[in-house]
Asks: 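I'd like to ask you about the structure that follows.
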Amino acid sequence: MSSQSLLLSPTADGLTERFDPIECLDESVRQRAEAADPLEPGRYIEVQGPGRSLTIPLGGEVVRIGRGLAAELRLDESSVSRRHAILVPRPGGARILDDRSSNGTFVNGRQVQQADLRNGDVIVIGRVLLRYLEI
């Protein structure tokens, strides 16, 4: 999947619209991501926008992903459920669990209820594309 195809989203009439997934990130998440450069060894979620990408550091705790205020990785996008997915750190990587979302959670193009993540895996939450990184 090219980065250009990530930025165009289909609309109901078949046309595409420009979409910047970085803009749907909560401000506190954006600030945490901007403070993370240069990258140190660890686990990250990368969000690619049209002109830049942000790398969000993941700690050792469970990370809830969703549109709701309780989510640590808050995505203010209507295609994202309030409680969409859960990222669980594990000794050999991380595991993602779908949290009964409306639009599903996808890893490398496959809809999953749960999946072990490896470096470089692509996660789709609603219209937002994320990449799991281990450095």
Asks: Look at the side chain of N108 and the backbone N and O of D121, then say whether any donor-acceptor pair between them is shorter than 3.5 Å.
Replies: no
Asks: If you measure from CD1 on I65 to CD on E72, what distance do you get to the nearest 0.5 Å?
Replies: 9.5 Å
Asks: Side chains of Y132 and E134: donor-acceptor distance under 3.5 Å anywhere?
Replies: yes
Asks: Within the 4.5 Å heavy-atom criterion, are I135 and E40 side-chain neighbours or not?
Replies: no
Asks: Do the side chains of E77 and R67 get close enough for a salt bridge, i.e. N-O under 4.0 angstrom?
Replies: no
Asks: Measuring from L97:CG to R64:CZ, what's the distance to the nearest 0.5 Å?
Replies: 12.5 Å
Asks: Just so I know, are the side chains of V62 and I86 near enough to count as touching, which here means a heavy-atom distance under 4.5 Å?
Replies: yes
Asks: When you compare the side chain of R127 with that of P21, does any pair of heavy atoms fall below 4.5 Å?
Replies: no
Asks: Show, in sequence, the C-alpha distance, side-chain angles and deciding distance for F106 and V112, and conclude whether the side-chain contact (heavy atoms from CB on, under 4.5 Å) test is met.
Replies: CA-CA 6 Å; F106 295 80; V112 299; over 6 Å; no
Asks: Would a distance-only check, ignoring hydrogens and angles, find a side-chain to backbone donor-acceptor pair under 3.5 Å from S53 to V47?
Replies: no
Asks: If you apply the rule side-chain contact (heavy atoms from CB on, under 4.5 Å), what do you find for L69 with R74, and how did you get there?
Replies: CA-CA 7 Å; L69 295 176; R74 189 164 170 268; 3.6 Å; yes
Asks: How long is the gap from OG on S102 to CZ on R82, to the nearest 0.5 Å?
Replies: 9.0 Å
Asks: Indicate yes or no: at least one non-hydrogen side-chain atom of H84 is less than 4.5 angstrom from one of I125.
Replies: yes
Asks: So, the side chain of R95 versus the backbone of L117: is there a donor-acceptor pair under 3.5 Å, distance only?
Replies: no
Asks: Which residues pass the side-chain hydrogen bond (donor to acceptor under 3.5 Å, both in side chains) test with E23, sequence neighbours left out?
Replies: none
Asks: Do S81 and D99 make a side-chain contact, defined as non-hydrogen atoms from C-beta onward lying under 4.5 Å apart?
Replies: no
Asks: Output all residues satisfying salt bridge (Lys or Arg N to Asp or Glu O under 4.0 Å) with R100, sequence neighbours left out; order by chain, then residue number.
Replies: none
Asks: Output, in order, the C-alpha distance, side-chain angles, deciding distance and verdict of side-chain contact (heavy atoms from CB on, under 4.5 Å) for L130 and V122.
Replies: CA-CA 6 Å; L130 308 169; V122 175; over 6 Å; no
Asks: State yes or no: do I22 and V80 share one hydrophobic cluster built from I, L, V, M, F, W and Y residues joined by side-chain heavy-atom distances below 4.5 Å, directly or via other members?
Replies: yes
Asks: Can you tell me how far apart CG (D76) and CG (L25) are? Round to the nearest 0.5 Å.
Replies: 10.0 Å
Asks: Hey, what do you get for CD1 (I96) to CD (Q113), rounding to the nearest 0.5 Å?
Replies: 11.5 Å
Asks: The test is side-chain contact (heavy atoms from CB on, under 4.5 Å); show your working for T55 and I45 and say whether it passes.
Replies: CA-CA 6 Å; T55 308; I45 290 290; over 6 Å; no
Asks: With sequence neighbours excluded, tell me which residues meet side-chain hydrogen bond (donor to acceptor under 3.5 Å, both in side chains) with T105.
Replies: D98
